[in-house]
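Quick caveat, the model's predicted, so the values are computed rather than measured. Order of the sequence lines fixes the chain letters, A, B, ..., with proteins taken first and strands second; residue numbering starts at 1 for each chain.
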Protein chains: 2
Amino acid sequence: MTDLNSDIFKHIDPERRGTTSEEVISQLREMIHRGDLRPGDRLPPERDLAKMLGVSRPTLRAGIRSLAAVGVLQSRQGAGTFVVKADGPPSLDSSPLRLMASLHGFTSAEMFEARQALEMAVAGLAAERATGDQMATMAEEVAGMFASLDDPEQFLVHDVRFHQTVAAASGNRILTSLMNMVATILFDTRIKTVKRATDLKESAEMHRHVYRAIREHDPEAARHAMSAHLSKAQRAWESEVEVPEGSAPDNSNGNGNGLAP
Amino acid sequence: MTDLNSDIFKHIDPERRGTTSEEVISQLREMIHRGDLRPGDRLPPERDLAKMLGVSRPTLRAGIRSLAAVGVLQSRQGAGTFVVKADGPPSLDSSPLRLMASLHGFTSAEMFEARQALEMAVAGLAAERATGDQMATMAEEVAGMFASLDDPEQFLVHDVRFHQTVAAASGNRILTSLMNMVATILFDTRIKTVKRATDLKESAEMHRHVYRAIREHDPEAARHAMSAHLSKAQRAWESEVEVPEGSAPDNSNGNGNGLAP
DNA sequence: CTGTTCAAATCGGTCATACCACTTATCCTG
DNA sequence: CAGGATAAGTGGTATGACCGATTTGAACAG
């Protein structure tokens, strides 16, 4: 672990603009940008760090909490505060997007469209760059789908893993993160409707088309196959959530994702 | 404004899982999802709200700060805490992505690629849906670029506005937000290199190609024109940031965006 | 000597209280 | 009636304390 006992923490100038906690956030951010704080590093105890920065503990905690809210830091009671480790695909928190969907009244159509755009992009890139192992994993997941045609929940597991593998094969972690961010929100509703899913066989078939296009290193075919798959999935979803008869109107739409169909 | 004096605030059960502040966050989020809190609404004073929820003020403030960090709430000293208003294109905070770029060592190539994928998507959608007003705005910005060939900074203003107009014309606020999120990070470096930009005329020309494709409602042409434009921009940027001779290696890369060229 | 157990130290989570800084609205003054 | 002084309201910060979860290491049993 990086040695944090050195004097890389500097006192905060009381004569500045903005609030003190904002300055704390800036300090911590700069330390991350400079590389003083690396993924997995543990921050000094709050009491010590507060003294180093020359602020009170509540103010320091406010800064830490802000960075924790965006997924950069993680506090564990009794253990300490850590810089989030960078193993595996980095993930952006989807709750901001979910809340913004509620605030702005995003429609599920917009959400599907955004997902489709992102998935098409990663599918095209995956067709150019997928390694043998990644393609093998995709094939396994497709096989898993065909083997789970009578188990919708298990089918969904393979479905999600397939898409994540494609995203990873794109080699672009930013697009992967954004895609996961959008897909996570839609996933919550899929898991509720998947039990009544009817055409799993067709879905598996379309996933296979995507896989074959990627295997053949044909970006355009991969994009189109993915696009067709998601368009089909969207239509299926829309037919699933057809307004039930006589549902009394209330503030809650019941699907819990803040999306209007 | 929505009446918040009613008893929509419920006490928090001390016997729960997770921390108290997490429960506060959940409470506030649900209130937003349910529509009890609408954009622009002002929350009750912290002292009152803390009593309503049955928690202490610091704990409540922790929850508020978490939601403020992701751009859902905004506190103004002396005024109050508000739900962010939803006018204009909703914007996701780009700092999480910027920090993640530092933590995971994202390359600028990945960033450009992600932006290119998003811009191509919105350009294609814009070609299908752009209104007359939006196309007029695009034309104005293109004209502004040609009029600012000798003023790089002014040119950049028109450049950014053009892309934002295209995004808005896509009709998909989610893709627009994601695109802005990525573009914001790249913008910081562009404003530093733009002074030495040489081929502004060619850039303006390529923007015009994008505009004409959108005007002709030709999604594929729009996508290709946008792709060509951004590929050119990326190559130009890469040639600008060629490592200067004899620059001593230090922790800070100097471009301040946490990206490795 | 090895492995387990348990207790003390560590550290984040919460609470209570007080004071400060800024904003807003009211009221007084000219 | 207009404008500025004033007071109430509200978020920001600080201090101090206690609680509960986690970690760690020493004491103990094998």
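Put simply, CD on A/Glu46 is 15 Å from P on D/dT15, counting in whole angstrom units. Distance CD (A/Gln77) to C1' (D/dC19): 8 Å, rounded to an integer number of Å. The nearest whole Å value for the distance from the CD1 atom in B/Ile64 to the P atom in D/dT10 is 13 Å. Whole-Å rounding puts the B/Gln74 CD to D/dT10 P distance at 18 Å. Summarising the geometry, the separation between CG on B/Leu43 and C1' on D/dG9 is reported as 16 Å, rounded to the nearest angstrom. Atom C1' of nucleotide C/dC15 and atom CG of B/Leu49 are separated by 16 Å, given to the nearest angstrom. For the pair B/Arg61 CZ and C/dA16 P, the interatomic distance rounds to 16 Å; values are reported in whole Å. What separates CG of A/Leu60 from P of D/dA14 is a distance of 10 Å, to the nearest Å.
With the nearest nucleotide of DNA chain C identified for both A/Ala79 and A/Arg65, A/Ala79 has the one nearer the 5' end.
Within 4.0 Å of B/Pro45, counting heavy atoms only, lie sugar-phosphate atoms of the nucleic acid but no base atom. A/Arg47 comes within contact range of at least one nucleobase, with a heavy-atom separation under 4.0 Å.
For A/Thr20 and D/dT13, the shortest distance from a side-chain N or O to OP1 or OP2 is below 4.0 Å. The phosphate of C/dT24 has OP1 or OP2 within less than 4.0 Å of a side-chain N or O from B/Arg76. The side chain of A/Arg57 places no N or O atom within less than 4.0 Å of a non-bridging phosphate oxygen (OP1 or OP2) of D/dG16. For A/Ser21, a side-chain nitrogen or oxygen approaches OP1 or OP2 of D/dT13 to under 4.0 Å. Within the structure, every side-chain polar atom (N or O) of A/Thr81 is placed at least 4.0 Å from both OP1 and OP2 of C/dC11. Contact annotation: B/Ser56 does not reach the phosphate of C/dA16 (side-chain N/O to OP1 or OP2, under 4.0 Å).
The structure places CG of B/Asp93 at 11.0 Å from CE of A/Met100, a figure rounded to the nearest 0.5 Å.
In this structure, B/Arg115 contributes its side chain and B/Asn180 its backbone to no donor-acceptor pair below 3.5 Å.
In this structure, of C/dG13, D/dT13, C/dA16, it is D/dT13 that holds the atom nearest to the side chain of A/Thr59.
Under the 3.5 Å distance criterion, with hydrogens and angles disregarded, no donor-acceptor pair is assigned to the side chains of A/Asn172 and A/Ser170. Counted by atom type alone, A/Thr137 and A/Gln134 present zero donor-acceptor pairs between their side chains at under 3.5 Å.
Smallest separation of non-hydrogen atoms from A/Lys85 and A/Pro39: CA-CB, 4.1 Å.
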